Participant: 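Let me give you the structure first, and then I'll get to my questions.
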Amino acid sequence: MSDPLSAAEYLARNAAAVQPAGALEERLAAAERESRPLRVKLGIDPTAPDIHLGHVVVLQKLREFQDLGHRVVLIVGDYTARVGDPSGRSATRPVLGDDDIDENARTYQEQAGRILDTAPERLEVRRNGEWLDMPMTEFLALARIPKVAQLLERDDFSKRYREGRPISLLEFVYPLLQGYDSVAVEADIELGGTDQTFNVLFGRDVQRAHGRPEQATLTMPLLVGIDGVQKMSKSLGNHIGVTEEPTEIFGRTMRIPDGLIDQWRDLLALDLGPDDAADARTRKRALARAICDRFAGDGSGARAQEEFDRVFLGGGVPDDVPEIEVEAGDVHLPALLAAAFGMSRSEARRALGQGGVRADDEPLTSERLDVPSADLDGRVVRVGKRRFARVRVRSVDA
RNA sequence: GGGGGGAUGUCCGAGUGGUUAAAGGAGACGGGCUGUAAACCCGUUGGCUCUGCCUACACAGGUUCGAAUCCUGUUCCCCCCA
């Protein structure tokens, strides 16, 4: 694998683009020649510390670079986060304080460690606050690099401009700062999702303006979320977090549309084994197991599947059902459901009215909203197909 | 600096004084069918102490028996001109 050509081919196999053509081979060859590891850069946003499968795609790619002997440079965007990204129209993001950024960065590293090799010679973590707090004169020098037409060529900008939606100057400045990061850490290669295409390419302009060698860029396709339509993102609620319970990971994976199986397998670099040749359902189960094994620990996939089958094929109840305590006497069902499942009482009422609530297998209806707690003690209340809670009557010994 | 347009529920989007908790769509949720897939069908979708009450159409006041709809001020956004 030390052959630069085959290494490049391997690394690019599931990438969206490697630009400019041949740059990756060239860099790998240079590393070989100079017998030094490449510096592979990824910028991260310290506002969202929950790593999900969408983030994993790029992290996995970084891991592949590491396994080939190269060095990953993670840049925590503490400075850019402090500026407060105004994009996203209506919702102004809260500006984070130092403590939050520290905390988020720490969480991020902890979670990324599930994918990356965290050995110091393989992973370097930097904060762009180290260099972005620059004198105005330096910033002005940066600001003459991009041309407005160039910035407006960008898909999202041109689209927004055409549609008359706001673009703040700060958003124009972002690529500059990100590009300067590449200068500061002497990046050989920068990775990102395809949404970062402009930014990573622009890093080359900034490097050139500073008389530095220009980085190669590798962009990965954006993983589609479990809704099968939009890119995976926490704010869209179509994500699977790497720290989630295996049963949850398994279950949510089983909900993805069949058409997504190949993409997930390829982008997450998972091996489905012999099941890969089977029917869609079998393949999806294999995928779900593989994801569990990868992030929740070896063997967790098989266990999750067993539980899944028991609960959803057999109509059973999961092993570890959260408990909800109630006082002795009558229980007001809407209140109970609201407390147990985080729904509003009105929602709970509706669910009851629609026959979506059961105690063990007995349907609870909206005819009787107050029931003696003794009738529910020890039983599992279930809303819909996958929300469970075991009821316990608080003992009255106090 | 001047002129014009706009802000409606999770999102999109109707609605210009009264039966509007607010059309329609999307999404989400519950049910049916299934493989917790797709497609399809039905229902729900502000909150609550629920045959009623409370809060809601950027924010604050005002007019009116009655306002998302009219008036005033404020904030934010977009466009055009300079």
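Computed from a prediction, not measured in an experiment: that's the story for all the values here. Chain A is the first sequence line, chain B the second, and so forth, proteins listed ahead of strands; every chain is numbered from 1.
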Participant: Check the interface with nucleotides 41-43 of chain B: list each N/O to N/O pair with the protein under 3.5 Å, or write none.
Facilitator:
unit_1: B/G43; atom_1: O2'; unit_2: A/Gln354; atom_2: OE1; d: 3.4
unit_1: B/G43; atom_1: N2; unit_2: A/Gln354; atom_2: OE1; d: 3.2
unit_1: B/G43; atom_1: N3; unit_2: A/Gln354; atom_2: OE1; d: 2.9

Participant: What distance, rounded to whole Å, do you find between the two C1' atoms, one in B/C54 and one in B/A21?
Facilitator: 12 Å

Participant: Would you say the side-chain atoms of A/Ser182 and A/Gln215 include a donor-acceptor pair closer than 3.5 Å?
Facilitator: yes

Participant: Distance check needed: B/G30 P versus A/Arg358 CZ, whole Å only.
Facilitator: 11 Å

Participant: For the base of B/U34, is there a side-chain donor-acceptor partner from A/Lys284 under 3.5 Å away?
Facilitator: no

Participant: What does B/U16 pair with, Watson-Crick or G-U, if both distances are under 3.5 Å?
Facilitator: none

Participant: According to ring-ring contact (aromatic ring centres under 6.0 Å, His included), does anything in residues 243-286 of chain A pair up with another residue at least two apart or in another chain? List the pairs.
Facilitator: A/Phe250-A/Phe308

Participant: Distance between the P atoms of B/G17 and B/A68, in whole angstroms?
Facilitator: 13 Å

Participant: Closest nucleotide of RNA chain B for A/Gly356 versus for A/Ala280: which of these residues is on the 5' side?
Facilitator: A/Gly356

Participant: Hey, are A/Glu325 and A/Arg392 close enough for a salt bridge, meaning a charged N less than 4.0 Å from a carboxylate O?
Facilitator: no

Participant: Taking only the side-chain nitrogens and oxygens of A/Arg387, find out if one of them lies under 4.0 Å from OP1 or OP2 of B/G30.
Facilitator: yes

Participant: Between A/Arg310 and A/Asp319, does at least one N-O distance fall below 4.0 Å, as a salt bridge requires?
Facilitator: yes

Participant: By the definition side chain to side chain contact (heavy atoms under 4.5 Å, CB included), identify the one residue from A/Val173, A/Val206, A/Leu151 that meets it with A/Pro146.
Facilitator: A/Leu151

Participant: Rounded to whole Å, how long is the line connecting atom CG of A/Asn238 with atom P of B/A37?
Facilitator: 16 Å

Participant: Take the protein atom CG of A/Asp227 and the nucleotide atom C1' of B/A26, then report the distance between them rounded to whole Å.
Facilitator: 13 Å

Participant: Go ahead and name the base partner of B/G43; Watson-Crick or wobble counts if both distances stay under 3.5 Å, otherwise write none.
Facilitator: B/C29

Participant: In Watson-Crick or G-U wobble terms, both distances under 3.5 Å, what is the partner of B/A60?
Facilitator: B/U72

Participant: Nearest nucleotide by nearest heavy atom, which residue falls closer to the 5' end of RNA chain B, A/Glu347 or A/Arg386?
Facilitator: A/Arg386

Participant: Using 4.0 Å as the upper bound for N to carboxylate O, is an ion pair formed by A/Asp309 and A/Arg285?
Facilitator: yes

Participant: If the C1' atom of B/A38 is compared with that of B/G52, how far apart are they to the nearest Å?
Facilitator: 44 Å

Participant: Could you check how far CZ of A/Arg349 sits from C1' of B/C48, rounded to whole Å?
Facilitator: 8 Å

Participant: I'd like to know if A/Asp258 reaches the base of B/G35 with its side chain, counting only an N/O donor and acceptor under 3.5 Å.
Facilitator: yes

Participant: Just the rounded figure in Å: distance from P of B/G30 to CZ of A/Arg382.
Facilitator: 11 Å

Participant: Rounding to the closest angstrom, what is the interatomic distance between B/G5 and B/U10 at atom P?
Facilitator: 29 Å

Participant: Measure from CG on A/Leu369 to P on B/C50 and round the result to the nearest Å.
Facilitator: 9 Å

Participant: Identify, residue by residue, the members of residues 248-257 of chain A with a heavy atom below 4.0 Å from RNA chain B, and return them in order of residue number, or none.
Facilitator: A/Gly251, A/Met254, A/Arg255, A/Ile256, A/Pro257

Participant: Counting only N and O atoms by type, is there a donor-acceptor contact under 3.5 Å from the side chain of A/Asp78 to the main-chain atoms of A/Gly129?
Facilitator: yes

Participant: Assess the residue pair A/Leu28 and A/Leu24 against the criterion (side-chain contact (heavy atoms from CB on, under 4.5 Å)); give the C-alpha distance rounded to whole Å, side-chain angles, the decisive distance to 0.1 Å, and a yes or no.
Facilitator: CA-CA 6 Å; A/Leu28 289 164; A/Leu24 181 58; 3.9 Å; yes

Participant: Indicate yes or no: does A/Glu306 engage A/Arg303 in a salt bridge with an N to O separation below 4.0 Å.
Facilitator: no

Participant: Using purine N1 to pyrimidine N3 plus N6-O4 or O6-N4 for Watson-Crick, or N1-O2 and O6-N3 for G-U wobble, each under 3.5 Å, what pairs with B/G1?
Facilitator: B/C81

Participant: Between B/G1 and B/C65, how far apart are the two C1' atoms, rounded to whole Å?
Facilitator: 45 Å

Participant: Suppose we screen for side-chain hydrogen bond (donor to acceptor under 3.5 Å, both in side chains). Which residues come up paired with A/Glu362, at least two apart in sequence or across chains?
Facilitator: A/Arg379

Participant: Any salt bridge linking A/Arg63 with A/Asp67? Criterion: basic side-chain nitrogen under 4.0 Å from a carboxylate oxygen.
Facilitator: yes

Participant: Round to the nearest Å and state the distance from A/Lys385 atom NZ to B/G35 atom P.
Facilitator: 11 Å

Participant: Using the C1' atom as the reference point in each nucleotide, state the distance between B/C41 and B/U34 in Å, no decimals.
Facilitator: 13 Å

Participant: Please report the distance separating the P of B/G47 from the corresponding atom of B/U63, rounded so that it comes out in whole Å.
Facilitator: 33 Å

Participant: Give the cluster check for A/Leu222 versus A/Val242: same hydrophobic cluster or not, with ILVMFWY residues linked at side-chain heavy-atom distances below 4.5 Å.
Facilitator: no

Participant: Anything under 3.5 Å between a protein N or O and an N or O of nucleotides 20-24 of chain B, put it in a table, one pair a line.
Facilitator:
none

Participant: Tell me: CH2 of A/Trp264 to C1' of B/A37, nearest whole Å?
Facilitator: 13 Å

Participant: On a whole-Å scale, what distance lies between the P atoms belonging to B/C77 and B/A26?
Facilitator: 33 Å

Participant: Please give the remaining members of the hydrophobic cluster of A/Leu352, linking ILVMFWY side chains under 4.5 Å, ordered by chain and number.
Facilitator: A/Ile324, A/Val326, A/Val331, A/Leu333, A/Leu336, A/Leu337, A/Phe341, A/Met343, A/Val357, A/Leu364, A/Leu369, A/Val371, A/Leu376, A/Val381, A/Val383, A/Val391, A/Val393

Participant: Taking only N and O in the side chain of A/Arg350, is any of them less than 4.0 Å away from OP1 or OP2 of B/G47?
Facilitator: yes

Participant: Step through the shown structure and confirm whether more than 12 heavy atoms of other residues, nucleotides or ligands are within 6.0 Å of CG on A/Asp279.
Facilitator: yes

Participant: Measuring from the side chain of A/Ser346 (C-beta onward, heavy atoms only), which nucleotide among B/U45, B/U34, B/C48 has the closest atom?
Facilitator: B/C48

